[in-house]
Amino acid sequence: MIRITLVVLTFMLSQTGLAETLLVSSQDEFEDAVDDLVPGDTIMLANGTWRDFEILFTGVGTPGQPITLTAETRGEVFITGQSNLRMAGEYLVVSGLVFRDGYTPTNTVISFRRTRGDYAYHSRVTEIVIDRYNNPERHESDFWVMMYGKHNRFDHNHLVGKSTAGVTMAVRLDSEESQENHHRIDHNYFGPRPILGSNGGETLRIGTSHYSRSNSFTVVENNYFDRCNGELEVISNKSGGNTFRGNLFFESRGTLTLRHGSGTVVENNVFLGNRVDHTGGIRVINADQVVRNNYMHGLTGHRFGGALVVMNGVPNSPLNRYDPVDNAIIENNSIIDSDHVEFGAGSDEERSATPTNSVFRSNLIFNEDRQNIVAVHDDVGGIEFQGNVLKNVDEPALTGGFISTTLELASADNGLLYPAGEQFADVGVSRDLKALDRESTGVSWYPKPGPDIRFATGETIAVVPGEDTLFDAADGAGDGDILLLAPGEYIVTKTIVVDRPLTIRAAPGTASIEFERTALFEIGDGGSLKLSGLTISGRAAPDVAGNSAIRTHRYSMLNNYALVVEDSTIQDLDVNHSFNFLSVARHTFADHIAISDSEFRNITGHVLTLAQETDDLGLYNGEYISITGSRFQNIEGALADIYRGGTDESTFGPHFELRSSSLDSVGNGSRNKSIASIRLLGVQATDIFDNVFADSQPIRVIHTVGDPVTRLGDNQFEESPEPIIQEFVRLMEH
């Protein structure tokens with residue numbers, strides 16, 4: 001341990017105090033140093049890797065002389081393995097550390113408490129990085145940051161890549177010492193959070209339903225939410241008296257949701273969807289909410305995930321449901337080229353309490369195509385509409401309090417769009433609203449992730465025919481590499497584990513692949529696979545039941561994967577029964593699966609089976625499944641078996657699309673328990689158009705929860721039953 005003595009001038013009692021900076025190189029040295037800390041002291045962790053380090057940082061500093069834990073060099077101290085940080089006391093500061101390559105052994109990576117009742121006050125965590133610090137079990141819930149106590153600050157931190165269940169960051173109010181806390185959460189970079197495929201994927205939550213009628217008084221300002229896609233609620237506000245201002249939401253699926261609690265202000269935020277699917281804005285529930293001067297552009301979300309959603313509530317609602325909207329002020333917001341504004345959302349027999357004593361005024365709603373994006377689901381007599389402006393709209397849903405007029409927008413110096421001229425200068429957001437710059441958030445010394453481009457980002461590697469030449473090439477390939485297969489026959493005697501993005505493409509001519517194991521490919525954690533122009537045969541596979549051409553890793557996978565098959569032929573998966581093209585395991589998740597211009601024939605199992613999450617907890621195995629321009633012949637199982645059970649409403653998927661394809665003798669096998677050519681249970685968005693079904697089992701669609709949309713059209717059914725649509729939860733008109 002190295003002690004560096006600094007002279008610190010103070011004006012308390014006109015005395016001169018001595019503060020020390022202690023450079024420690026081991027956990028034992030750290031523990032010894034913590035015991036003797038006085039106001040103004042600093043502990044520096046030596047540069048390098050600190051593995052399996054459960055940091056307990058305690059002490060009592062003063063406003064002018066906090067006690068500090070920091071890195072010798074910011075960004076060069078790595079906390080790895082099973083590590084975490086607990087802090088308790090007063091006027092503590094932690095900075096400069098990087099958590100990666102591991103996971104917390106408890107339920108929290110950073111906690112503003114030592115134990116229950118022993119909290120941090122007036123303390124700060126700044127310039128900390130948590131990068132993909134995930135438990136290996138996808139649905140083992142934990143939190144990255146948990147705030148307790150009062151008057152704490154979390155600022156200029158970098159949190160990216162949480163792929164397990166559990167909120168990225170939460171403020172807890174489960175004791176009087178943590179209520180009315182006046183925390184500040186500012187200038188943080190909340191980086192991409194992938195789709196979780198279940199509830200529990202919020203990026204930020206303030207409070208819980210049990211304490212939702214208590215005030216938190218937390219300020220959340222100037223944070224950048226970059227592609228935070230975990231679930232429907234990017235932010236879940238579950239307490240009263242909070243403020244959300246100056247934040248920017250970039251291509252984030254979901255909304256800032258005022259889920260519980262009253263008296264919250266949402267102002268000066270910018271939501272940029274760029275037409276990305278399910279991007280949303282603000283959802284209003286409960287009493288005394290103020291939503292003003294927010295800019296929403298290019299948002300595609302609908303229902304609970306729309307650009308602006310005012311919900312119905314539950315009369316005399318229990319804590320965990322929906323208190324009605326009352327005395328809401330929604331004013332001077334700009335909603336531009338977005339798809340849905342919803343009033344009375346969620347209206348049903350339970351959610352029957354309509355908004356009351358509320359005002360919606362001076363808001364701008366602009367869409368180029370004259371489309372009416374305003375939907376009214378119940379009585380809106382309790383909302384006073386004043387001075388709102390619409391771009392010319394055909395058949396507007398509301399007329400009183402709205403001006404529908406010819407309108408042009410112009411870009412201002414801040415990069416945002418405003419009505420040209422002065423006529424509507426007082427409508428929509430103010431001219432001085434600033435869109436937060438991503439680089440002004442987080443830390444300057446750790447890179448922020450770029451676009452998510454999986455395939456064809458690496459080198460092209462030529463592969464020649466032969467035994468295990470493909471295996472060897474795949475084994476040595478790097479991220480994003482392309483294996484270019486010369487014409488000829490390829491024999492694969494070992495399963496190819498794909499744990500990085502990989503493209504396998506045939507050069508002009510025919511590249512035929514046979515495999516001798518129970519699976520040709522296994523997609524491992526971090527892997528994605530694209531097959532292009534190939535012919536794959538299962539005739540050399542073992543004569544056992546349950547083979548697969550492609551399977552996922554057999555256990556939980558942290559990273560979402562993608563599978564793309566184009567212009568390929570898959571045949572003779574029939575050496576024994578239940579031979580699937582794709583088999584998945586529980587707790588694995590595909591961002592997207594796309595099959596195009598391909599042919600599948602002679603298969604004894606399913607083509608795609610995404611039905612392993614059968615606990616009915618709202619989990620499912622894939623978000624987007626798309627099949628276009630393809631042919632399926634003599635498939636004993638289903639073309640697609642997709643299952644999402646339970647009644648949770650916090651997710652958007654699955655989505656299923658089948659277009660311009662043909663099914664000939666699909667689903668007729670005796671082991672096909674779905675008794676369907678396509679079974680879709682709990683799928684939220686279905687499009688089946690321009691297909692031919694011949695001698696095949698019916699399409700079976702079972703609606704379960706949410707507001708599922710199933711569209712079918714221009715399909716031909718030859719000696720095949722008509723589609724069967726069932727309502728599992730409630731009776732609805734189709």
Is it true that the side chains of Asn188 and Tyr224 contain a donor and an acceptor less than 3.5 Å apart?
-> no
His302 and His278, any side-chain heavy atoms less than 4.5 Å apart = yes
Audit row: Asp142, Thr104, side chain to side chain donor-acceptor pair (under 3.5 Å) steps and yes/no = CA-CA 8 Å; Asp142 61 22; Thr104 176; over 6 Å; no
Count the heavy atoms belonging to other residues, nucleotides or ligands that lie under 6.0 Å from CZ of Arg132, then report whether that count exceeds 12.
-> no
Does the distance from a Lys or Arg side-chain N to an Asp or Glu carboxylate O, for Arg517 and Glu522, drop under 4.0 Å?
-> no
Any side-chain heavy atom of His297 within less than 4.5 Å of one from Leu272?
-> yes
For Thr493 and Asp468, test the side chains for any donor-to-acceptor distance below 3.5 angstrom and give the result as yes or no.
-> yes
Do Val564 and Leu531 come within less than 4.5 Å of each other through their side chains, counting heavy atoms only?
-> no
Hey, what do you get for OG (Ser630) to CD1 (Ile595), rounding to the nearest 0.5 Å?
-> 6.5 Å
When you look at Thr651 and Arg644, which way does the side chain to side chain donor-acceptor pair (under 3.5 Å) test go after all the steps?
-> CA-CA 10 Å; Thr651 54; Arg644 178 199 181 279; 2.8 Å; yes
Has the side chain of His655 got a donor or acceptor atom that lies under 3.5 Å from a matching backbone atom of Glu623?
-> yes
Is the gap between the ring centers of Phe271 and Phe250 under 6.0 Å?
-> no
Short side-chain donor-acceptor distance under 3.5 Å, Thr168 and Arg193 | yes
Between Arg586 and Thr614, does any side-chain donor sit less than 3.5 Å from a side-chain acceptor?
-> no
Any side-chain donor near an acceptor of the partner, Arg100 and Asn134, under 3.5 Å = no
Heavy-atom nearest pair, Val666 first then Phe632, reads CG2-O, 3.9 Å
Could you walk me through whether Ile642 and Ile625 pass the side-chain contact (heavy atoms from CB on, under 4.5 Å) test, one step at a time?
-> CA-CA 9 Å; Ile642 303 173; Ile625 299 92; 4.0 Å; yes
Under the 3.5 angstrom rule, does the side chain of Asp475 hit a backbone N or O of Ala473 as a donor-acceptor pair?
-> no
Taken to the nearest 0.5 Å, the spacing of Ile128 CD1 from Leu159 CG works out to 9.5 Å
What about the rings of His587 and His553, do their centers lie closer together than 6.0 Å?
-> no
According to the interplanar angle, ranging from 0 to 90°, do the rings of Tyr446 and His158 count as parallel (below 30°), tilted (30 to 60°) or perpendicular (above 60°)?
-> perpendicular
Pairing residues for Phe521 by the ring-ring contact (aromatic ring centres under 6.0 Å, His included) criterion, not counting sequence neighbours = none
CD1 (Ile570) and CG (Asp572) are apart, to the nearest 0.5 Å, by 11.0 Å
Positive for salt bridge (charged side-chain N to carboxylate O under 4.0 Å, His left out) with Asp641, one of Arg679, Arg700, Lys673 = Arg679
Check each of Leu712, Thr710, Ile724, Leu681 against Val701 using the side chain to side chain contact (heavy atoms under 4.5 Å, CB included) test, and report the only one that passes.
-> Thr710
Separation between CD of Gln697 and OG of Ser720, rounded to the nearest 0.5 Å = 8.5 Å
Is there a side-chain contact (heavy atoms from CB on, under 4.5 Å) between Asp481 and Thr460 once you walk through the steps?
-> CA-CA 6 Å; Asp481 284 355; Thr460 298; over 6 Å; no
Between the side chains of Thr73 and Asn47, does any donor sit under 3.5 Å from an acceptor?
-> yes
Side-chain contact test, heavy atoms from C-beta onward, threshold under 4.5 Å: evaluate it for Asn621 versus Glu613 and give yes or no.
-> yes
Do Tyr561 and Asp499 have side-chain atoms, one donor and one acceptor, less than 3.5 Å apart?
-> no
Any side-chain heavy-atom pair from Glu514 and Tyr490 closer than 4.5 angstrom?
-> no
Indicate whether the side chain of Ser596 and that of Glu566 have a donor and an acceptor atom separated by less than 3.5 Å.
-> no
4.5 Å side-chain heavy-atom contact, Leu573 and Gln571 | no
Value rounded to 0.5 Å, distance of CH2 in Trp144 from OH in Tyr103 | 15.0 Å
If every non-hydrogen atom of Ile550 is compared with every non-hydrogen atom of Ile523, which pair is closest and at what distance?
-> CG2-CD1, 4.0 Å
Where the side chain of Asn560 meets the backbone of Ile195, is there a donor-acceptor pair that is under 3.5 Å apart?
-> yes
What one should report as the nearest heavy-atom pair of Pro654 and Val683 is O-CG1, 3.2 Å
Run the side-chain contact (heavy atoms from CB on, under 4.5 Å) check on Glu127 and Trp445 step by step: do they pass?
-> CA-CA 9 Å; Glu127 292 196 273; Trp445 40 264; 3.1 Å; yes
Is Glu657 paired with Arg659 through a side-chain N to carboxylate O contact shorter than 4.0 Å?
-> yes
Are the side chain of Thr469 and the backbone N or O of Glu467 linked by a donor-acceptor pair below 3.5 Å?
-> no
Write down the atom of Gly533, the atom of Ala506, and the distance for their closest heavy-atom approach.
-> O-CB, 3.1 Å
Check: Phe581 ring centre within less than 6.0 Å of Phe600 ring centre = yes
Go through the steps for Ser528 and Arg454 under the test side chain to side chain donor-acceptor pair (under 3.5 Å), then give the verdict.
-> CA-CA 7 Å; Ser528 288; Arg454 279 192 171 94; 3.0 Å; yes
Tell me, do Phe652 and Leu232 make a side-chain contact under 4.5 Å, heavy atoms counted?
-> yes
Given Asn157 and Ile130, is the side-chain contact (heavy atoms from CB on, under 4.5 Å) satisfied, shown in steps?
-> CA-CA 8 Å; Asn157 299 294; Ile130 307 179; over 6 Å; no
Run the salt-bridge test on Asp339 and Arg275 with the 4.0 Å N-O cut-off and return the result as yes or no.
-> yes
State, to 0.1 Å, how close Gly273 and Glu251 come at their nearest heavy-atom pair, and which atoms those are.
-> O-CG, 3.7 Å
Mark yes or no: Lys448 above the aromatic ring of Tyr189, with NZ or CZ under 6.0 Å from the six-membered ring centre and no more than 45 degrees from the axis.
-> yes
pair Pro449-Val160: side-chain heavy atoms closer than 4.5 Å = yes
Ser532 backbone acceptor or donor facing Arg505 side chain under 3.5 Å = no
Could you walk me through whether Asn580 and Ser583 pass the side chain to side chain donor-acceptor pair (under 3.5 Å) check?
-> CA-CA 6 Å; Asn580 298 325; Ser583 299; 3.0 Å; yes
Could you tell me the separation between the CG atom of Asp131 and the NZ atom of Lys162, rounded to the nearest 0.5 Å?
-> 13.5 Å
Taking all heavy atoms of Asn691 and all of Ser661, pick out the closest pair and write down the distance.
-> OD1-N, 2.9 Å
May I ask you to decide whether Arg138 forms a salt bridge with Glu140, counting only side-chain N to carboxylate O separations under 4.0 Å?
-> no
